[in-house]
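One-based numbering, in listed order, for ligands and for the atoms of each. As a basis for the values below, the full set of heavy atoms in this structure was taken, side chains included, without hydrogen atoms, waters or symmetry mates.
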Amino acid sequence: MTLQWQEQVSLKPYNTFGIDVKARYFSPAHDDQEVRQALSQAQQHGLPLLVIGGGSNLLLTKDIDAWVLHMASRGRRVLSDDGERVVVEAEAGEPWHPFVQWTLAQGYCGLENLSLIPGTVGAAPMQNVGAYGVEIKDVFVGLTALDRETGALRDFGLAECAFGYRDSLFKRNPGRWLILRVRFALSRTLHARLDYGPVRQRLAEQGVTEPTALAISEAICSIRREKLPDPAELGNAGSFFKNPVVAAAQVERIRAQYPSVVAYPQADGQVKLAAGWLIEQAGWKGYREGDAGVHRLQSLVLVNHGQASGAQMHGLARRIQADILERFGVELEMEPNLY
Ligand code: FAD
Ligand code: NAP
């Protein structure tokens with residue numbers, strides 16, 4: 001297809017915070033050819049290129065003086081199926097949750113715990129999306145990306161992506177790789193992961209004794225709908241801070257003052273703290289300054305009540321970071337990508 005573009009486009013509909021900034025140029029890309037055309041246009045205009053998917057992990061703090069490329073490619077397919085292990089591939093612009101639902105409808109298990117995460121397939125490897133004890137690295141087999149420095153296509157296997165906790169090679173090298181499609185190895189047999197948060201309890205409440213992947217997905221969707229604000233109603237980018245992983249000794253110092261601290265020991269001896277708990281203890285839950293606020297049910301989620309600017313959201317985030325550092329000696333790292 002031939003690339004269509006516009007100038008001075010509001011990005012409000014393209015970021016789930018609903019921040020109203022303008023892109024100097026904006027074009028959707030439906031296939032590899034349009035991606036290459038956009039890159040070439042950006043170069044000719046002497047502008048950087050910013051790729052976005054669903055805009056659900058972005059905080060836009062100013063007008064974007066760049067060529068904004070919106071991934072709109074579609075397509076999902078089975079690459080191999082040995083009767084048990086099924087390798088599927090999806091184009092980067094495929095919306096994530098409908099893709100998960102499609103795999104479940106085919107009887108493929110593995111992505112059920114990652115239900116109802118907003119965004120696109122192509123952005124999922126960026127921060128190794130995770131929820132309820134599963135990360136995409138658990139079912140990931142590969143992806144194809146365009147090297148923006150050389151223009152060459154490259155296939156990445158699992159080990160090369162350097163996936164970590166909400167982290168990857170791609171997140172650490174912003175702007176280098178443009179992800180075009182991603183492959184997952186799913187299975188016909190369910191290996192249920194129910195020990196996280198209230199999943200098992202929710203299934204029991206629903207009278208489910210032998211859960212299917214679909215039942216797990218539905219339970220997780222129902223928990224998420226209760227707890228998380230729908231970006232269509234209240235602007236947000238999900239968890240605004242990563243859960244900090246700190247030394248065990250530091251947790252003991254916090255526990256001496258706050259015996260109910262929420263902490264999860266990690267395999268390497270360090271301990272993951274629930275950032276939402278720290279923020280709530282510090283009194284920020286439900287806080288609001290102008291239209292920038294902290295969600296009333298989930299302190300880890302910053303919300304835009306309507307007309308907040310990205311700079312106002314960022315200012316609130318920095319005040320929370322400073323307060324948590326002062327009270328607990330813990331540094332909170334922002335999760336969304338800041339532009
Ligand atoms: P965008 O926000 O559009 O982009 C994010 C980053 O990836 C940007 O830096 C962008 O430049 C880059 N990028 C996007 N597409 C590509 C591409 N094709 N190639 C290269 N770079 C690209 N995250 C979780 O991990 N777990 C959760 O449970 C979760 N729950 C959420 C709940 C809510 C209500 C919200 C609003 C967000 C949640 N998120 C969660 C965060 C977010 O949904 C995920 O990180 C998602 O993968 C972002 O996808 P996106 O398409 O919206 O990316
Ligand atoms: P929750 O169930 O209230 O739990 C609070 C925190 O404790 C979570 O952040 C989770 O860490 C951690 N946790 C809970 N049970 C755990 C266990 N058994 N072992 C280790 N850690 C445990 O969390 P929530 O806010 O409702 O979110 C539920 C899940 O969805 C979480 O996995 C969360 O990461 C994910 N989620 C992510 C986003 C995002 O934008 N990134 C937004 C909404 C929900 P982890 O976050 O490390 O899993």
Tell me which protein heavy atom sits closest to [atom], plus the residue, atom name and distance to 0.1 Å.
{"atom": "atom 18 (N) of ligand 1", "answer": "Ile179 O, 3.0 Å"}
{"atom": "atom 30 (O) of ligand 2", "answer": "Ala131 CB, 3.5 Å"}
{"atom": "atom 47 (O) of ligand 1", "answer": "Val129 CG1, 3.2 Å"}
{"atom": "atom 4 (O) of ligand 1", "answer": "Leu58 CD2, 3.8 Å"}
{"atom": "atom 24 (C) of ligand 1", "answer": "Gln127 NE2, 3.4 Å"}

Heavy atoms only: which of [options] is nearest to [atom]?
{"atom": "atom 32 (C) of ligand 1", "options": "Gln298, Arg224, Glu335", "result": "Arg224"}
{"atom": "atom 17 (C) of ligand 2", "options": "Tyr196, Tyr132, Phe241, Phe240", "result": "Tyr196"}
{"atom": "atom 46 (C) of ligand 1", "options": "Gly53, Pro118, Ser73", "result": "Pro118"}
{"atom": "atom 38 (C) of ligand 2", "options": "Ser239, Pro118, Gly276", "result": "Ser239"}

Is there a heavy atom of Tyr132 sitting under 4.0 angstrom from any atom of ligand 1? no
Close approach, Trp96 and ligand 1, non-hydrogen under 4.0 angstrom: no
Does Arg166 have a heavy atom less than 4.0 Å from any atom of ligand 2? yes
I'd like to know whether ligand 2 has Leu300 as a neighbour, heavy-atom separation below 4.0 Å. no
Please determine whether a side-chain nitrogen of the Lys or Arg among Asp230 and Arg225 lies less than 4.0 Å from a carboxylate oxygen of the Asp or Glu. no
Cationic N near anionic O, under 4.0 Å, Arg181 to Asp155: no
Could you tell me whether atom 5 (C) of ligand 2 has a protein heavy atom closer than 4.0 Å? no
Protein non-hydrogen atoms only, distance under 4.0 Å: does atom 34 (O) of ligand 2 have such a neighbour? yes
Phe328 vs Tyr258 aromatic rings, parallel, tilted or perpendicular, using cut-offs 30° and 60°? tilted
Indicate the ring-plane relationship of Tyr14 and Phe26, choosing parallel, tilted or perpendicular according to the 30° and 60° boundaries. tilted
Which of the atoms in ligand 2, numbered in the order shown and given with their element, are less than 4.0 Å from a heavy-atom of [X]?
{"X": "Gln298", "result": "24 (P), 25 (O)"}
{"X": "Asp195", "result": "18 (N)"}
{"X": "Lys227", "result": "1 (P), 2 (O), 3 (O), 24 (P), 26 (O)"}
{"X": "Glu335", "result": "39 (C), 40 (O), 41 (N)"}
{"X": "Leu228", "result": "43 (C)"}
{"X": "Gly238", "result": "40 (O)"}
{"X": "Tyr165", "result": "45 (P), 46 (O), 47 (O)"}

Check whether any side-chain heavy atom of Ile136 lies under 4.5 Å from a side-chain heavy atom of Trp96, and answer yes or no. yes
Residue Met126 vicinity, atoms of ligand 1 by number, heavy atom under 4.0 Å: 7 (O), 12 (C), 21 (N)
Using the benzene-type ring in the case of Trp, are the ring centres of Trp102 and Phe184 under 6.0 Å apart? no
Between Phe156 and Trp177, does the ring centroid distance fall short of 6.0 Å? yes
Can you find an N/O atom of Asn236 closer than 3.5 Å to an N/O atom of ligand 1? no
Leu234 pairs by side chain to side chain contact (heavy atoms under 4.5 Å, CB included) with which of Val303, Leu228, Asn304? Val303
